[in-house]
Amino acid sequence: MAKYIHVSVAWPYANGDLHVGHLAGAYLPADIFARYHRLRGNHVLMVSGSDSHGTPILLEAGKQGISARDLFEKYHERFLLVQQKVGISYDLFTHTDTENHHRVSQDFFTRLLERGYLKIETQTLLYSELEQRFLPDRFIEGTCYICGYNGARGDQCDNCGNLMETIKLINPRNRDNPQDQLVPRQTDHYFLALERFIEELNAYLEQHESHWRNHVYNFSRNFVKDLHSRPITRDIDWGIPIPLAGWEDKKMYVWFEAVIGYFSASVEWARNQGTPEAWKQWWYNPQSEIYNFIGKDNIPFHTIIWPAELLGVSGLYHDGPEPLQLPYDVPANEFMNIEGQKFSKSRHHAIWLADILERYQPDAVRYYVARAMPESTDSDFSWEGFYQSVNNELLAAWGNLVNRVTGFSYKRFAGAVPVIDALRPEDEALLARIEGGFETVGSLIERVKLREALGEAMALVREVNVYLDRREPWKRIKDDAADAARAIYTALRAIDNLKTLLAPWLPFSAQHVHHLLGYEGQVFGDQVIREYAEGERRHRALVYDPARQSGTWAKSTLQPGQPLREPAPLYTKLEDSIIPEERGRLGQPREERPIIVP
RNA sequence: GGUGAUGUAGCUCAGCUGGUUAGAGCGGUUCACUCAUAAUGAACAGGUUCGCUGGUUCGAGCCCAGCCAUCACCA
């Protein structure tokens, strides 16, 4: 029976381009997982969007001299294009500044308030006389009260590394305007009483212990122990309004509303489809499974705080007895470093997706990032590794296998799949071995062990190369053409199976192989950018349209005699000169060029 | 400072509840092959024995304690 699988993907801050860390941490694993379940015929709803609020947006907007809205819309558009280009198959990639998300977030707020989960507390924060507002932490500098360093930021001291309580900074000043006077002033804020969910959260965590990654589980269990209230409003003028009179000068804290996007985007998706209740198949269906793909820095927000919000509003928009579904699994990834060093936007130590997709095939990037995916520990993106993996594994083992077999068949068997009498036992054995991959690779993906799953699929690729060397159809063609036909047919069918087994990682080349084998149609549906209108505004979104998907997670039934298409290599071989070239780009400022999707 | 993780062949990583000569891919060496983008296959070499120190055990990479390094979160 088809399952309902929700793939909730971390929402990127729309204050700069996406880089390989985003891809490795959340988007690629989510996409591999989603594509697999799509092939399986499960009902997949994969959503995410641009996080358009919060201080990072304001900071960058100030730097670029444009409004917060213009800034996030610029990066949102680039997110759509670059993710379309690298093939992240969101059912909906929207943003948090839609009327829908505002309304849903406000409904969360109101419901929590009605149920007594919100309380008002008074804080003392620094008020800017010049700007007539409370200044966010990151706009404040001062002298560290621990080490005495004069350049401490409002949230952390770069000298001693300690986190700062802004109000305790010595001689605090406005980072952007030394003339400004900062004075402590009291301000009221709503706090979410997280401590009231401790019991339910512990039960929730225990229920999932067996299938969660160890570090995610242990970390979360410990986090619950001293759970305390957190402010969900703040003094800022960019964000979602508080739906209460007298609170017009405050907005929701992003940590509170961004995660609601998983839910609100599902609601938006359903409405966009013309089936406004369809989202309940995931959110109010006790049989559905919700997976949150995130980086390790976000673990408590997804295993504790977001579940608490869901527990607090359960029943929202729904009359039935079913509770809101909490995440079934939160397979958090570690971080991907670059050439042995941490990603750093300010030092330009980064690999931007928009840039590398200008120079390399999306499946080459996807393959290497999947190989080096930081599933259990921080990993490293090195250009040497990229070069080696693409040339010696992806191209040499898989690309070459496809090329040698389709080429041989095309040339020696009149441009078609060879016609055969019966297969030999070793042919049947190979196919059985390869077809076993649907079970082994599939179950690894379901357990979100994506590196291991890819390794298993690639091991099967190598088995076909071994098989060919034993069967030697290029020799048999001279003395026993019928036997050569059996071997080539077998290899073609193995390739047809492997195309599917690798499709979650390599959707573009899967389609290419599908085409070479003479099939019509598409393995996957289409990724399109659509515009949606609301009451007063409109927004663009990346959408997966499954209409033309014909691929299924099932054994090949390749027919003898099927005409092949003229073979062409799947992958471009990389020159070793790219290694010094790419390393030379690290540390250099880059310009944001337009993103062109082929 | 607290919590959670990570530290295994040149490189990237596996090693389940402790048990024979510690594994894979890539890289290296040699051989074979020639259908293939000089791609493929086979064999071999490679870890001062698994960050360091000590402990538990008949036996530890896997358990315990301390330490060192790295990462994230929290204070």
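To find a chain, count down the sequence lines: A is the first, B the second, and so on, and within it residues start at 1.
- Contacts of A:K411 with the nucleic acid, taken as non-hydrogen atoms under 4.0 Å apart, involve only primed sugar atoms and P, OP1 or OP2.
- Listed candidates were B:rC13, B:rG4, B:rA36. Nearest to the side chain of A:R404 is B:rA36.
- Glycosidic torsion of B:rG59 falls outside 90° of 0, placing the base in anti.
- Backbone-only engagement by A:R451 is indicated by non-hydrogen atom pairs under 4.0 Å involving sugar-phosphate atoms exclusively.
- At whole-Å resolution of the value, CG in A:L570 and C1' in B:rA39 are 13 Å apart.
- The separation of B:rU34 from B:rA38, taken at their C1' atoms, amounts to 10 Å, rounded to a whole angstrom.
- Under a 4.0 Å N-O distance rule, the pair A:D378/A:K342 does not qualify as a salt bridge.
- Nearer the 5' end of RNA chain B, as judged by each residue's closest nucleotide, is the contact made by A:N222, out of A:N222 and A:L468.
- Distances from the side chain of A:S376 to the nucleotides B:rA72, B:rG4, B:rA14 place B:rA14 closest.
- Annotation: B:rC62 and B:rG7 have their C1' atoms spaced 15 Å apart (nearest Å).
- Heavy atoms of A:I477 sit nowhere under 4.0 angstrom from any nucleic acid atom.
- Remark: A:E121 does not engage A:R230 in a salt bridge, criterion side-chain N to carboxylate O under 4.0 Å.
- Under a 4.0 Å N-O distance rule, the pair A:E209/A:R221 does not qualify as a salt bridge.
- In the set B:rU40, B:rC13, B:rU37, B:rU37 carries the atom at the smallest distance from any side-chain atom of A:Y571.
- Within 4.0 Å (heavy atoms only), A:S220 reaches no atom of the nucleic acid at all.
- Under the 4.0 Å criterion applied to side-chain N and carboxylate O atoms, A:R486 and A:D483 are assigned as salt-bridge partners.
- Minimum atom distance to the side chain of A:D469 is reached by B:rG41, of the listed B:rC26, B:rC33, B:rG41.
- Judged by distance alone, with hydrogens and angles left aside, A:N403 brings no side-chain donor or acceptor close enough to the base of B:rA36 to form a pair under 3.5 Å.
- Between B:rU12 and B:rG51, the two P atoms lie 15 Å apart (nearest whole Å).
- Look at CZ on A:F301: it is 16 Å from C1' on B:rG4, rounded to the nearest Å.
- No more than 12 heavy atoms of other residues, nucleotides or ligands lie within 6.0 Å of CZ in A:R433, so this atom counts as exposed by the packing criterion.
- Counting any heavy atom pair closer than 4.0 Å across all strands shown, A:R470 reaches no nucleic acid atom.
- The ring of A:F408 does not lie on top of the base of B:rC35; it is either too far (5.5 Å or more) or too tilted (30° or more).
- The distance between atom CG of A:N391 and atom P of B:rU12, rounded to the nearest whole Å, is 19 Å.
- The distance between atom CD of A:E456 and atom C1' of B:rC13, rounded to the nearest whole Å, is 16 Å.
- Aromatic ring pairs are classed by plane angle as parallel below 30°, tilted from 30° to 60° and perpendicular above 60°; the pair A:F343 and A:H19 is parallel.
- Atom-to-atom, CD of A:E575 to C1' of B:rU37 comes out at 11 Å; the value is rounded to the nearest Å.
- The gap from the P atom of B:rC13 to that of B:rU8 amounts to 9 Å, rounded to the nearest Å.
- Using a cut-off of 4.0 Å between Lys/Arg side-chain N and Asp/Glu carboxylate O, A:R583 and A:E339 are scored as salt-bridged.
- Ring geometry, A:H211 versus A:Y328: the interplanar angle falls under 30°, so the pair is classed parallel (tilted spans 30 to 60°).
- In terms of phosphate contacts, A:K573 brings a side-chain nitrogen or oxygen within less than 4.0 Å of OP1 or OP2 of B:rA39.
- Comparing the C1' positions of B:rU21 and B:rG54 gives a spacing of 28 Å, expressed to the nearest Å.
- Looking only at distances, a side-chain donor or acceptor of A:Y368 sits under 3.5 Å from a matching main-chain atom of A:S382.
- Residue contacts for A:R462: at a heavy-atom cut-off of 4.0 Å it reaches the sugar-phosphate backbone alone, with no base atom in range.
- Rounded to whole Å, atom C1' of B:rC73 lies 10 Å from atom CZ of A:R230.
- Put simply, CH2 on A:W383 is 17 Å from C1' on B:rC11, counting in whole angstrom units.
- Of the listed nucleotides (B:rC26, B:rC33, B:rA39), B:rA39 has the atom at the smallest distance from the side chain of A:N400.
- The listed nucleotides are B:rA39, B:rC26, B:rG25; the one nearest the side chain of A:R371 is B:rG25.
- B:rA60 sits 13 Å from B:rG15 when the C1' atoms are compared, rounded to a whole Å.
- Within the nucleic acid shown, A:P473 has no heavy atom closer than 4.0 Å to any nucleic acid atom.
- Between B:rA72 and A:K342, a contact under 4.0 Å exists linking OP1 or OP2 to a side-chain N or O.
- Backbone-only contact: A:A396 has heavy atoms under 4.0 Å from sugar-phosphate atoms and none from a base.
- Distances shown here put a side-chain N or O of A:N392 below 4.0 Å from the OP1 or OP2 atom of B:rG27.
- In the set B:rA39, B:rC71, B:rG41, the nucleotide with an atom closest to the side chain of A:D378 is B:rC71.
- One finds no side-chain N or O of A:N214 lying less than 4.0 angstrom from the OP1 or OP2 phosphate oxygen of B:rA5.
- Atom C1' of nucleotide B:rA72 and atom CD1 of A:I299 are separated by 8 Å, given to the nearest angstrom.
- Ranking B:rG41, B:rC33, B:rC71 by closeness to the A:V466 side chain, first place goes to B:rG41.
- Ranked by how close their nearest RNA chain B nucleotide is to the 5' end, A:P300 and A:D380 are led by A:D380.
- The same atom, C1', is picked in B:rC63 and in B:rA24; the two are 26 Å apart, to the nearest Å.
- Straight-line distance between the C1' atoms of B:rU6 and B:rA32: roughly 42 Å, to the nearest whole Å.
- At the heavy-atom level, A:F219 lies under 4.0 Å from base atoms of the strands shown.
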